[in-house]
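Just so it is clear, the values below take in all heavy atoms, side chains as well, and ignore hydrogens, waters and symmetry mates. Just so it is clear, the model here is predicted, and its values are computed rather than measured.
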Amino acid sequence: MEANKLVIYNTLNRQKETFSPIHPPHVGLYVCGPTVYGDAHLGHARPAITFDILFRYLKYLGYKVRYVRNITDVGHLENDADEGEDKIAKKARLEQLEPMEVVQYFTDRYHQNMDELNVLKPSIEPRASGHIIEQQELVRKIMKNGFAYESDGSIYFDVEKYSQQYPYGKLSGRVVEELLNTTRDLDGQQEKKNSFDFALWKKAKPEHIMRWPSEWSDGFPGWHLECSAMSTKYLGESFDIHGGGMDLLFPHHESEVAQSTAANGHESVKYWMHNNMITINGQKMGKSLGNFITLEEFFSGNHALLEKAYSPMTVRFFILQAHYRSTVDFSNEALQASEKGLERLMQAMSKLDSMKPAGQSSVNLPEILEKCFAAMNDDLNTPILISYLFELVKLINSVSDGKQEISEADLQSLKLNMHLLVHDILGLKTPSKTENQAEDLNEVMNLLLQLRVDAKNKKDWETADKIRKELTRLGFTIKDTKEGFEWSK
RNA sequence: GGUCAGUUGGCCGAGUGGCUAGGCAGUGGUCUGCAAAACCUCGUACAGCGGUUCGACUCCGCUACUGACCUCCA
């Protein structure tokens with residue numbers, strides 16, 4: 001197919017490269033998923049949607065994709081007074097819940113948000129807590145290869161030793177010597193040989209609830225280990241694409257590279273892809289900054305910074321209107337611009353079916369369509385794709401108005417490709433109105449019956465009777481009351 | 001402080017060594033009983049200062065500003 005035309009930006013080499021899978025037609029894709037100890041916010045939507053587009057597009061190109069996106073439900077130290085305490089455990093204790101109860105709750109909420117955003121489910125969604133054995137196995141492997149050491153029940157990765165043999169920092173562009181001077185104090189510092197060494201296995205403190213037995217200590221896996229262990233388990237020692245947010249580049253992904261290389265003797269990932277951040281007032285939207293707006297709040301409009309509610313599709317479209325490697329700044333004005341643009345696009349989509357072919361096409365449709373796919377092939381340039389879609393919107397509207405013509409063959413192609421591009425590849429759908437339908441019907445019925453009351457007041461019996469008769473014919477029961485009216489169906 | 005990005009018209013946001021991004025808002029029209037929608041039209045923006053070039057918003061350098069990472073964070 002056109003598979004060989006896809007070009008993606010590989011963080012590893014800081015340049016665009018032609019995508020060529022290791023074992024065509026199969027593609028292995030791993031993306032860092034959420035840490036489920038809080039509601040997903042707008043920032044979480046970005047990688048989910050970015051890699052959803054990649055997943056969809058790769059499938060369109062004919063690849064057989066195995067998409068793995070993990071759920072992080074264990075580990076990750078918290079950098080505050082409760083030094084060394086597991087995030088999940090802390091939240092659980094505060095709320096008097098079982099850790100797994102918290103995990104379940106937020107995982108379900110995350111899934112619901114993703115469904116609303118029309119993000120396809122990954123092929124496998126492994127949990128870190130379900131892969132402790134694999135992670136321990138990986139620790140042993142790294143130790144056996146001599147790149148880790150034990151210190152008071154914890155196992156640390158020996159960055160210095162590793163860097164003598166392999167280039168530590170090649171992904172994020174760090175230099176080991178510089179790291180020496182720039183690393184802050186962390187828990188367990190005194191146990192490490194070097195401040196930049198990172199934990200593979202951490203001994204649990206007494207108050208730490210989530211813990212597993214091991215030959216080193218009762219503890220929990222290190223902060224970066226789960227992705228290495230699970231990607232290897234489901235995609236193999238070498239796989240095609242690893243994605244995630246730019247903020248994970250260092251130290252998370254750098255450490256993954258080191259772990260995999262230390263364990264296997266070679267790197268595991270061919271293409272690293274990183275989405276940029278969503279900013280709010282020019283600053284990163286993030287948990288630690290406390291300036292985030294949850295997806296739930298976007299959908300309901302229930303947040304001080306939101307002028308109104310924004311539908312999941314508006315949020316999705318908003319994100320797709322920027323390239324995934326650019327930051328995108330949140331504002332009500334920008335959201336509302338997206339909302340209106342999306343509406344125009346979707347209205348054109350609904351006109352497609354009633355379009356009539358006539359004569360010769362007044363535009364070069366194949367050329368525009370070619371540009372659409374060229375945009376996708378160019379590192380998933382969705383904003384460019386969308387700009388061409390709006391050209392097609394103009395075409396659809398003009399043909400519908402009888403101001404332009406389209407040939408039979410082009411019309412078929414237009415329908416097919418608009419559907420493909422808008423629904424299948426961009427994953428945009430017409431918002432479901434079912435929830436509002438009952439309310440809408442109520443409004444419409446009240447309006448109609450009020451008109452009937454007005455007619456009765458004017459003794460316009462003909463109009464009043466016509467309304468009742470037609471509604472009755474449609475299966476409604478209309479009852480006049482002293483106060484006005486009642487209706488049922 | 002180190003590393004890496006970015007600075008585009010009212011807002012958002014692409015891209016390119018010379019030729020229209022696109023959306024939203026705004027202008028003036030067509031259409032229309034009115035309105036809306038749709039379509040057409042208009043706006044000549046690329047942080048500042050140097051340099052390379054026939055020509056730079058696009059390449060190079062410097063300056064300013066903003067941000068990301070260096071610590072959990074998408």
Side-chain angles (χ1 to χ4, degrees), chain A residues 11 14 31-35 37-38 40-51 72 75-80 85-87 90 169 172-175 177-187 195-196 198 223-224 243-254 274-279 281-290 292 317-345 347-348 351 371 375 378 381-391 393-404:
Chain A
T11 310
R14 312 266 162 177
V31 174
C32 293
T35 303
Y37 70 102
H41 59 75
L42 188 59
H44 292 95
R46 179 95 116 136
I49 289 171
T50 297
F51 294 105
T72 295
H76 291 265
L77 295 175
E78 205 152 35
N79 182 36
D80 58 17
E85 192 176 1
D86 191 325
K87 270 186 180 175
K90 185 190 176 198
S172 61
R174 310 281 147 159
V175 182
E177 293 81 64
E178 282 169 3
L179 285 172
L180 256 179
N181 310 318
T182 57
T183 310
R184 284 207 217 160
D185 285 346
L186 267 178
D187 173 50
S195 55
F196 44 65
F198 54 90
W223 319 306
H224 315 298
M246 253 178 202
D247 49 353
L248 297 177
L249 195 52
F250 189 91
H252 185 58
H253 290 159
E254 194 68 65
H274 291 94
N275 63 274
N276 214 318
M277 303 292 104
I278 287 178
T279 58
N281 296 322
Q283 260 205 328
K284 183 173 94 162
M285 186 180 281
K287 252 171 204 149
S288 53
L289 293 165
F292 62 92
F317 191 64
F318 170 68
I319 287 174
L320 292 177
Q321 274 188 302
H323 185 82
Y324 77 90
R325 281 190 287 115
S326 301
T327 57
V328 58
D329 198 55
F330 155 83
S331 72
N332 279 283
E333 214 176 351
L335 256 303
Q336 282 163 30
S338 292
E339 184 175 50
K340 287 186 183 170
L342 176 64
E343 196 179 333
R344 197 153 81 87
L345 175 62
Q347 264 170 11
K351 282 185 194 167
K371 286 178 177 173
D378 184 14
N381 200 328
T382 52
I384 292 291
L385 167 59
I386 289 169
S387 80
Y388 289 121
L389 288 178
F390 276 109
E391 282 193 23
V393 166
K394 246 178 220 180
L395 173 68
I396 292 166
N397 286 329
S398 294
V399 171
S400 294
D401 286 356
K403 288 172 184 159
Q404 282 194 61

query = Under the salt bridge (Lys or Arg N to Asp or Glu O under 4.0 Å) test, which residues partner A:E254, sequence neighbours left out?
reply = none
key: Proximal nucleotide (of B:C72, B:C73, B:G23) relative to the A:A337 side chain   = B:G23
query = Taking the side chain of A:R174 as heavy atoms from C-beta outward, which of B:C39, B:G2, B:G13 is closest to it?
reply = B:G2
note = RNA chain B nearest-nucleotide lookup for A:I384 and A:S172: closer to the 5′ end is A:S172
ask   = On a whole-Å scale, what distance lies between the P atoms belonging to B:A14 and B:U7?
value = 9 Å
task = Could you work out the separation of B:C65 and B:U27 based on their P atoms and round it to a whole Å?
result = 38 Å
key: Secondary structure string for RNA chain B (Watson-Crick or G-U under 3.5 angstrom, | for other-strand pairs)   = (((((((..(((.....[...))).(.(((.......))).)....(((((..]....))))))))))))....
Nearest listed nucleotide, side chain of A:V328, among B:C11, B:G13, B:A38 = B:G13
ask   = Which ones in residues 319-326 of chain A lie close to RNA chain B, meaning a heavy atom under 4.0 Å from one of its atoms?
value = A:Q321, A:A322, A:H323, A:S326
request  = By nearest nucleotide on RNA chain B, pick out whichever of A:Q404 and A:T279 is the more 5' one.
outcome  = A:Q404
Out of B:C39, B:G13, B:C70, whichever nucleotide has its closest atom nearest the side chain of A:P383 = B:G13
Solution key, residues 381-389 of chain A side-chain donor-acceptor pairs under 3.5 Å, sequence neighbours excluded:
from: A:N381; atom 1: OD1; to: A:I384; atom 2: N; distance (Å): 3.4
from: A:T382; atom 1: OG1; to: A:L320; atom 2: O; distance (Å): 2.7
from: A:S387; atom 1: OG; to: A:I384; atom 2: O; distance (Å): 2.7

query = Base, sugar-phosphate, or nothing: which does A:M246 touch, judged by heavy atoms less than 4.0 Å apart?
reply = nothing
Residues which pass side chain to side chain contact (heavy atoms under 4.5 Å, CB included) with A:P47, listed by chain and number, not counting sequence neighbours = A:F51, A:N275
Might you list the N or O atoms of the protein lying below 3.5 Å from N or O atoms in nucleotides 25-27 of chain B, with each pair's distance?
from: B:A25; atom 1: OP1; to: A:K340; atom 2: NZ; distance (Å): 3.3

inquiry  = Check this one for me: any side-chain N or O of A:N381 less than 4.0 Å away from OP1 or OP2 of B:G15?
reply    = yes
key: Phosphate OP1/OP2 of B:G23 contacted by A:R344 side-chain N/O (<4.0 Å)   = yes
request  = Please state how far atom NZ in A:K371 lies from atom P in B:G15, giving the value in whole angstrom units.
outcome  = 15 Å
